[in-house]
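All remarks here apply to the structure that follows.
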Protein chains: 2
Amino acid sequence: MEIPPVVIDRLPLYTRALSTLDEEGRDVVSSQELGTLLGVTPAQIRKDLSYFGRFGKQGRGYNVRKLLDELHHILGLDRQWRMAVIGVGKLGRAILGYEGFTPQGFRIVEAFDADPKRIGQLIENLTIRDANDLEKILLKSPVDVGIVAVPAVIAQNVIDTLVKCGVRAILSYAPIPARVPQGVYLKRIEPVLALQSMAYYLKNSPRSTAAASRS
Amino acid sequence: MEIPPVVIDRLPLYTRALSTLDEEGRDVVSSQELGTLLGVTPAQIRKDLSYFGRFGKQGRGYNVRKLLDELHHILGLDRQWRMAVIGVGKLGRAILGYEGFTPQGFRIVEAFDADPKRIGQLIENLTIRDANDLEKILLKSPVDVGIVAVPAVIAQNVIDTLVKCGVRAILSYAPIPARVPQGVYLKRIEPVLALQSMAYYLKNSPRSTAAASRS
DNA sequence: AAGGGTTTGTGCTCACAATTACAATCCTTC
DNA sequence: GAAGGATTGTAATTGTGAGCACAAACCCTT
Ligand SMILES: NC(=O)c1ccc[n+]([C@@H]2O[C@H](COP(=O)([O-])OP(=O)(O)OC[C@H]3O[C@@H](n4cnc5c(N)ncnc54)[C@H](O)[C@@H]3O)[C@@H](O)[C@H]2O)c1
Ligand SMILES: NC(=O)c1ccc[n+]([C@@H]2O[C@H](COP(=O)([O-])OP(=O)(O)OC[C@H]3O[C@@H](n4cnc5c(N)ncnc54)[C@H](O)[C@@H]3O)[C@@H](O)[C@H]2O)c1
């Protein structure tokens with residue numbers, strides 16, 4: 001059975017809310033409550049989960065811990081994923097210093113830059129490697145994910161190199177419509193595009209008037 | 001007529017490709033070429049544009065400069081948008097130093113933090129203001145967009161304050177399902193969710209086997 | 001000025017995702 | 001242990017967006 005990508009995109013949301021509930025000591029949650037928590041309809045949640053099995057109990061809801069474990073297993077979050085950051089500029093350093101990846105099982109194990117002044121520096125317990133050695137190093141020490149934080153003009157080059165090294169998932173911050181071959185997964189982080197689409201709504205909805213809000 | 005949000009989300013992509021073509025000196029482009037450039041079907045592009053008018057010429061294609069101007073006007077990119085950054089930590093500093101906003105008409109005019117050591121510092125030609133003065137300052141110097149780069153636990157608070165100050169567009173980097181009232185537009189940047197959904201595909205597609213790639 | 005080669009704009013169809021609605025199931029209480 | 005209240009899982013329906021296909025329009029060449 002083929003699961004719609006939109007469904008897969010929502011599952012991490014569910015895991016996050018469930019983690020919070022779990023930390024608060026909650027045992028059981030209904031699709032209703034989870035829905036209001038996330039701004040999603042209860043039916044949507046139930047439908048999404050039903051692609052993978054029957055995890056709830058009628059009349060009660062879902063066991064928080066059990067559902068969380070199931071989702072972790074489904075998404076592959078029950079293991080460690082190795083990541084490399086390419087481009088240790090302003091943004092790259094913020095990424096290296098971000099504490100939000102490790103608790104989710106995503107660990108940055110290599111960092112690369114092309115600037116001689118930066119190569120060899122120790123940042124967040126990582127020695128910055130020469131970008132020219134990318135292939136050599138990744139063949140010895142393979143990673144699952146590549147995080148691209150280099151200038152736009154060379155981003156496609158870097159991505160091509162990563163693909164050549166067998167990296168099958170790429171998170172790109174570069175503002176380009178990067179292309180990857182079949183079987184390689186690419187997600188882009190595009191703050192400028194987000195701003196530009198919001199500008200449309202700002203322009204077209206009069207100040208302090210009701211209008212739909214989207215995230 | 002109500003235009004589908006997905007369409008609005010694609011328009012900035014088109015403007016970006018058109019800008020590149022314009023800089024290369026191209027006069028005319030077909031939906032076919034634009035499509036391959038962006039990984040979108042030609043029909044999709046034509047359909048999207050047809051919501052707003054008839055900008056092309058049969059047998060020729062679109063005048064790059066003219067279409068770019070039209071899209072800029074449609075999206076509200078033919079003017080300046082004032083932005084404030086809340087939270088000048090690792091990520092906030094990368095945002096303040098990013099050169100990709102200004103050329104698109106998005107200018108950061110205020111920056112706030114709550115850390116006494118940081119308040120008063122001059123970063124990228126901006127004096128960091130006290131987050132306690134947020135309301136006071138934004139009432140005197142209103143902004144169109146708020147960029148939220150504070151820790152998750154206080155992000156909803158900050159967002160509520162921004163809304164109270166009349167900010168109607170918010171770009172949030174905080175990993176929470178923030179809620180805003182009707183008429184306020186919120187976009188979230190969520191690298192961790194992106195990684196988590198890619199993990200599903202990594203886990204479920206065997207190494208070096210064809211599979212659909214999505215961005 | 002006519003014809004051939006392109007490419008747009010759009011009605012139509014199809015596919016798929018969201019929502020609705022309800023029978024089935026479970027817990028709790030008396 | 002029966003009844004009542006709650007909530008799931010899913011079949012059926014609705015809604016919507018993407019792709020197809022073609023007539024209309026345009027350019028260029030001869
Ligand atoms: N800073 C932000 O908030 C932000 C926001 C959105 C997008 N981005 C994008 O992220 C990317 C990086 O932005 P930044 O602000 O950090 O820029 P930056 O100039 O500070 O950093 C770029 C880094 O890449 C390095 N580099 C250059 N060529 C390289 C190569 N071949 N291999 C490895 N490293 C190389 C440079 O030495 C530099 O350290 C850009 O594409 C930018 O558009 C940044
Ligand atoms: N660094 C990254 O690459 C990254 C990636 C994704 C998401 N995020 C998110 O972005 C946010 C910031 O991340 P960071 O890495 O920069 O963390 P950080 O701790 O370096 O920065 C947070 C900053 O917010 C300031 N702050 C605290 N309370 C404040 C308040 N009430 N008003 C204004 N400022 C306040 C702090 O003083 C600090 O300077 C977090 O929510 C994080 O989850 C960061």
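Quick note on labels: first sequence line is chain A, next is B, and so on, each numbered from 1.
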Got a donor-acceptor contact below 3.5 angstrom from the Asn63(B) side chain to the Val28(B) backbone?
no

Taking Arg16(A) for its side chain and Leu193(B) for its backbone only, find out whether a donor-acceptor pair lies under 3.5 Å.
no

Between [N] ([atom2]) and [X] ([atom1]): distance, integer Å:
X: Asn63(A); N: dT8(D); atom1: CG; atom2: C1'; result: 15 Å
X: Gln32(B); N: dG5(C); atom1: CD; atom2: C1'; result: 15 Å
X: Leu67(A); N: dT7(D); atom1: CG; atom2: P; result: 16 Å
X: Asp27(B); N: dT7(C); atom1: CG; atom2: C1'; result: 17 Å
X: Leu34(B); N: dG9(C); atom1: CG; atom2: C1'; result: 16 Å
X: Ile3(A); N: dA15(C); atom1: CD1; atom2: P; result: 20 Å

Residues in contact with DNA chain D, drawn from residues 45-62 of chain B - heavy-atom cutoff 4.0 Å
Arg46(B), Lys47(B), Lys57(B), Gln58(B), Gly59(B), Arg60(B)

Under 4.0 Å from OP1 or OP2 of dT7(C): is there any side-chain N or O of Ser31(B) that close?
no

Is there a side-chain contact between Gln44(B) and the phosphate of dG19(D), meaning an N or O under 4.0 Å from OP1 or OP2?
yes

Would you please classify the geometry between the Phe52(A) ring and the Tyr200(B) ring as parallel, tilted or perpendicular, with 30° and 60° separating the classes?
perpendicular

Do Ser197(B) and Tyr185(A) pair up side chain to side chain, a donor and an acceptor below 3.5 Å, judged on atom types alone?
no

Are side-chain N/O atoms of Arg60(A) and Ser30(A) paired as donor and acceptor at under 3.5 Å?
no

Could you check Arg10(A) against Asp48(A) for salt bridge (Lys or Arg N to Asp or Glu O under 4.0 Å), going step by step and ending with a plain yes or no?
CA-CA 8 Å; Arg10(A) 276 192 297 266; Asp48(A) 287 350; 2.6 Å; yes

Winner on side-chain proximity to Thr41(B), out of dG19(D), dG17(D), dT19(C), is dG19(D)

